[in-house]
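Reading through the structure tokens given below for one structure.
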Amino acid sequence: METSQPTKVTVQAVIQAPVEKVWRYWTEPDHTTKWNQASEDWHAPRAENDLRVGGKFLTRMEAKDGSMGFDFGGVYDVVNRHEAIGYTMEDGRRVDIAFVDQGNETKIIETFDAESSNPVEFQQAGWQAIMDNFKVYTEQN
């Protein structure tokens, strides 16, 4: 019996900020709620983060009009300060994030297992939009 491997999708951005700031803005819940949405009509009203191997995180994502929402969460498998984060989502899919220190800028490369109910291009566009929001928020604050 053949086991199909999930499709890996990668999004990335270069943030005009040192890795220490990028790490803090990525991992602290007070910052997460400010940038973690794919479009202007969504928001993240609540976030929790226990940033350690075996620790859990949860971000509540909701449409601003209240029509829908969901919890996005998982358990950390890898936490290497200022370098890498890896986690497993509640549905078993994996996400790996690399933070590449380039002096006064930081490259973030995020790779995730695609889910099967939406087109890969749609998923990539959504995750890239969130990454782009992170870039803007971090550079402007």
Side-chain angles (χ1 to χ4, degrees), residues 1-102 104-141:
M1 184 173 185
E2 194 175 307
T3 306
S4 63
Q5 293 295 317
T7 300
K8 300 275 187 195
V9 181
T10 299
V11 297
Q12 59 186 333
V14 176
I15 316 301
Q16 301 302 311
V19 71
E20 296 81 9
K21 177 181 179 181
V22 169
W23 181 268
R24 193 171 68 249
Y25 278 38
W26 189 272
T27 61
E28 291 179 2
D30 288 347
H31 291 295
T32 303
T33 58
K34 309 262 190 326
W35 58 263
N36 202 347
Q37 65 273 338
S39 64
E40 286 297 317
D41 53 342
W42 279 73
H43 67 146
R46 183 171 44 85
E48 303 166 13
N49 195 15
D50 182 9
L51 186 63
R52 61 181 175 81
V53 172
K56 295 181 179 181
F57 73 93
L58 181 121
T59 302
R60 178 68 185 170
M61 303 175 95
E62 295 179 353
K64 288 181 180 177
D65 67 6
S67 62
M68 62 175 47
F70 62 94
D71 290 336
F72 180 82
V75 177
Y76 291 110
D77 306 305
V78 175
V79 177
N80 294 331
R81 186 174 167 87
H82 300 162
E83 293 177 6
I85 293 173
Y87 61 85
T88 302
M89 290 185 264
E90 293 170 343
D91 63 5
R93 293 182 296 135
R94 290 267 321 138
V95 178
D96 292 294
I97 309 158
F99 297 81
V100 182
D101 184 350
Q102 299 178 329
N104 286 328
E105 63 183 30
T106 305
K107 184 174 189 176
I108 300 178
I109 306 163
E110 184 174 30
T111 303
F112 65 95
D113 293 342
E115 44 92 357
S116 57
S117 41
N118 289 295
V120 170
E121 298 78 17
F122 178 80
Q123 295 174 66
Q124 184 170 27
W127 285 57
Q128 185 66 55
I130 293 169
M131 178 76 74
D132 294 345
N133 283 342
F134 175 77
K135 174 181 171 62
V136 169
Y137 173 76
T138 303
E139 291 178 354
Q140 291 181 352
N141 290 282

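Hydrogens, waters and symmetry mates play no part in the numbers below; they use all other heavy atoms, side chains included. Each residue takes its place number in the sequence, starting with 1.
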What are the two closest non-hydrogen atoms of [X] and [Y], and how far apart are they?
X: G126; Y: A38; answer: O-CB, 3.8 Å
X: V19; Y: T106; answer: N-OG1, 3.0 Å
X: A44; Y: T33; answer: O-CB, 3.1 Å

Distance, nearest 0.5 Å, that separates [atom1] of [X] from [atom2] of [Y]:
X: M131; Y: W26; atom1: CE; atom2: CH2; value: 4.0 Å
X: M68; Y: W42; atom1: CE; atom2: CH2; value: 5.5 Å
X: K21; Y: H31; atom1: NZ; atom2: NE2; value: 8.5 Å
X: W23; Y: L51; atom1: CH2; atom2: CG; value: 5.5 Å
X: T59; Y: Q37; atom1: OG1; atom2: CD; value: 11.0 Å
X: E110; Y: F134; atom1: CD; atom2: CZ; value: 10.0 Å

inquiry  = Suppose we screen for side chain to side chain contact (heavy atoms under 4.5 Å, CB included). Which residues come up paired with S116, at least two apart in sequence or across chains?
reply    =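 With sequence neighbours excluded, S116 shows a side chain to side chain contact (heavy atoms under 4.5 Å, CB included) to no residue whatsoever.
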
Check: For D71, which residues count as a side chain to side chain contact (heavy atoms under 4.5 Å, CB included) partner, sequence neighbours excluded?
Finding: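 Here the qualifying residues are R46, L58, R60.
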
Quick one, [X] and [Y] - any side-chain contact, counting heavy atoms below 4.5 Å?
X: N133; Y: N36; value: no
X: Q102; Y: V14; value: yes
X: P45; Y: E62; value: yes

Could you tell me whether [X] atom [atom1] has more than 12 heavy atoms of other residues or ligands within 6.0 Å of it?
X: N104; atom1: CG; answer: no
X: K56; atom1: NZ; answer: no
X: F122; atom1: CZ; answer: no

Query - All salt bridge (Lys or Arg N to Asp or Glu O under 4.0 Å) counterparts of K135, not counting sequence neighbours - result: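 Listed in chain order: E139.
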
Under the salt bridge (Lys or Arg N to Asp or Glu O under 4.0 Å) test, which residues partner D101, sequence neighbours left out?
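Result, salt bridge (Lys or Arg N to Asp or Glu O under 4.0 Å) vs D101: none returned.
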
Any donor-acceptor pair under 3.5 Å from [X] side chain to [Y] backbone:
X: K107; Y: A13; value: no
X: D77; Y: T88; value: yes
X: T7; Y: A114; value: no
X: N49; Y: T27; value: yes
X: E115; Y: S117; value: yes

Exercise. Check step by step if side chain to side chain contact (heavy atoms under 4.5 Å, CB included) holds for T10 and F112.
Key: CA-CA 7 Å; T10 299; F112 65 95; over 6 Å; no

### Task
Applying side chain to side chain donor-acceptor pair (under 3.5 Å), name anything that partners K8, two or more places apart in sequence or on another chain.
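Testing K8 for side chain to side chain donor-acceptor pair (under 3.5 Å), a comparison that skips the adjacent residues, returns D113.
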
Return the orientation label for the F72 and F57 ring planes: parallel under 30°, perpendicular over 60°, tilted otherwise.
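Rings of F72 and F57: tilted, 30 to 60°.
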
Which class fits the ring pair Y137 and Y25: parallel under 30°, tilted 30 to 60°, perpendicular over 60°?
->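 Because their plane-to-plane angle lies in the 30° to 60° range, the rings of Y137 and Y25 count as tilted.
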
- Applying side chain to side chain contact (heavy atoms under 4.5 Å, CB included), run through V78 and I85 and close with a yes or a no. CA-CA 5 Å; V78 175; I85 293 173; over 6 Å; no

- Task: Begin with the C-alpha distance, continue with both residues' side-chain angles, and end with the deciding distance and a verdict on side chain to side chain contact (heavy atoms under 4.5 Å, CB included) for I108 and V22.
- Result: CA-CA 9 Å; I108 300 178; V22 169; 3.6 Å; yes

Check your understanding: Can you list every side-chain hydrogen bond (donor to acceptor under 3.5 Å, both in side chains) pair that touches residues 119-129, not counting sequence neighbours?
Key ->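 side-chain hydrogen bond (donor to acceptor under 3.5 Å, both in side chains) check on residues 119-129 returns Q128-D132.
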
Exercise for the section: Determine, step by step, whether Y87 and D96 satisfy the side chain to side chain contact (heavy atoms under 4.5 Å, CB included) criterion, reporting the C-alpha distance in whole Å, the side-chain angles of both residues, the deciding distance to 0.1 Å, and the verdict. Expected result: CA-CA 7 Å; Y87 61 85; D96 292 294; over 6 Å; no

